[in-house]
Amino acid sequence: MSLGILVGTRKGLFVLKGDEGRRDWEVEGPYLSGWDVFHAVKDDGSIFAAANHAVYGATVQRSDDDGKTWERSEGLGLPEDHELTLEKTWHVEPGTDGTLWLGAAPGVLFRSGDRGESWEPILSLIDHPTRDRWNPGAGGMCTHSIQIDPADPQTMYVGISAAGVFRSEDGGEAWTPANKGTAADFMPDDPFPEVGQCVHKVLVHPAKTERLWQQNHCGVYRTDDKGENWERLEDNGLPSSFGFPIAIHHRNPDMAFVIPEDSVRGSAGEVGGGDRVTSGGRLGVYRTQDGGGSWELASNGLPERAWVEVLREGMSSDRLDPVGIYFGTKSGSVFVSPNEGGEWIEAARHVPAVLSVEVAEWQ
């Protein structure tokens with residue numbers, strides 16, 4: 001068994017395969033040339049990619065032979081009696097018993113029980129009574145985070161920009177907003193709404209499943225009660241509370257990683273209308289080892305001067321010992337830390353703009 005990285009880009013899917021030490025990497029691809037691969041995951045020997053094309057539209061592509069050939073999901077769409085139209089596919093998440101989940105824009109969710117041959121829209125989320133208060137973020141109104149509680153597969157979470165976090169405790173039959181304590185600084189008249197928060201990424205911790213981590217447009221957050229209450233983690237070492245991705249240490253619930261970016265007020269005074277590049281021109285990965293109480297720069301080996309952007313799906317971690325951390329930039333580099341942020345190696349450069357990074361295993 002060897003480790004690989006699925007790198008979704010603006011120009012197809014690349015696969016990076018590493019040695020046992022996670023220091024030497026070979027680049028394979030591109031696969032799905034001409035497609036925007038928003039996210040890809042490997043499950044039960046197959047690769048599934050949330051792929052979008054200017055001509056052929058939004059779909060899920062599946063490969064059963066490590067990328068040599070691909071089969072497109074047919075009939076993926078929203079009910080004709082609804083006004084919504086499928087815009088983009090964003091995130092594929094394996095469930096239990098062969099189930100797959102798909103997040104998409106405009107703020108919708110699908111489930112497949114036949115390995116992506118067909119997809120069922122989740123009407124309980126599509127018809128959610130708070131939908132009239134959801135608004136698209138800069139990337140559209142996308143369902144980008146899908147997290148399933150490993151201790152209780154009936155409990156799951158989705159993150160939607162800009163709607164917030166929603167929790168289901170019955171396998172997706174009903175959804176409850178889970179945003180208490182999460183700020184919407186861009187809504188000064190109602191800074192803590194029930195819904196409308198611009199969540200960028202949400203992760204549930206597999207070893208402490210009541211704990212979730214969140215990178216939001218308006219801060220980094222942690223909850224220890226399954227989203228009932230969120231605590232904002234800032235003014236404690238981070239140069240900016242804004243950012244897109246977040247990664248976790250799968251065995252240590254107190255360790256997480258973020259890449260802060262600047263998001264200053266634009267010329268019209270709106271919050272978040274600024275640069276959206278790494279804070280201060282420093283490609284900085286910040287690590288907490290105390291649950292977000294404090295953050296430290298963990299960027300040994302990364303360029304000290306680099307004005308780059310890392311997107312919400314552009315960071316991942318493995319489950320080895322020590323844990324490896326991975327991220328890719330819109331300028332086409334993929335970086336790997338084989339030792340929990342202790343040092344960084346540039347595993348690939350000059351690939352197209354990186355949209356997603358996901359760890360996978362190969363035989």
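Values reported hereafter were calculated over all heavy atoms of this structure, with side chains retained and with hydrogens, waters and symmetry mates removed.
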Checklist entry - Can we say K88 and D36 salt-bridge, meaning some charged N sits less than 4.0 Å from an Asp/Glu carboxylate O? => result no
Checklist entry - Should K17 and E28 count as an ion pair when the cut-off is N to O under 4.0 Å? => result yes
Checklist entry - Does I246 reach the side chain of V220, with side-chain heavy atoms less than 4.5 Å apart? => result yes
Checklist entry - Can you name the side-chain contact (heavy atoms from CB on, under 4.5 Å) partners of R282, sequence neighbours left out? => result L297, S299, E304
Checklist outcome for this item: Sequence neighbours excluded, the answer for salt bridge (charged side-chain N to carboxylate O under 4.0 Å, His left out) partners of K11 is none
Next on the checklist: Under a 3.5 Å cutoff, is there a donor and acceptor pairing between the side chains of T182 and Q197?
Outcome noted: no
Checklist outcome for this item: Connected to V310, directly or through other members, by ILVMFWY side-chain contacts below 4.5 Å are M255, F257, I259, L283, V285, L302, V308, M315, V323, I325, F327, F335, W344
Next on the checklist: Using the side-chain contact (heavy atoms from CB on, under 4.5 Å) criterion, which residues pair with A347? Sequence neighbours excluded.
Outcome noted: L16, W25, V336
Next on the checklist: According to side-chain contact (heavy atoms from CB on, under 4.5 Å), who are the partners of R319, at least two apart in sequence or on a separate chain?
Outcome noted: P206, H250
Next on the checklist: Let's go through D152 and Q154 carefully: what are the C-alpha distance in whole Å and the side-chain angles of both, what is the deciding distance for side-chain hydrogen bond (donor to acceptor under 3.5 Å, both in side chains) to 0.1 Å, and is it a yes or a no?
Outcome noted: CA-CA 5 Å; D152 176 15; Q154 290 295 299; over 6 Å; no
Item to check | SB check E261 R276 (cutoff 4.0 Å) | outcome: no
Item to check | Electrostatic pair K68:D66 at N-O distance under 4.0 angstrom | outcome: no
Next on the checklist: Can you list everything that forms a side chain to side chain donor-acceptor pair (under 3.5 Å) with R222? Sequence neighbours excluded, please.
Outcome noted: D224, E231
Checklist entry - Distance-only, no hydrogens or angles: does the S168 side chain make a donor-acceptor pair with backbone N or O of A174 under 3.5 Å? => result yes
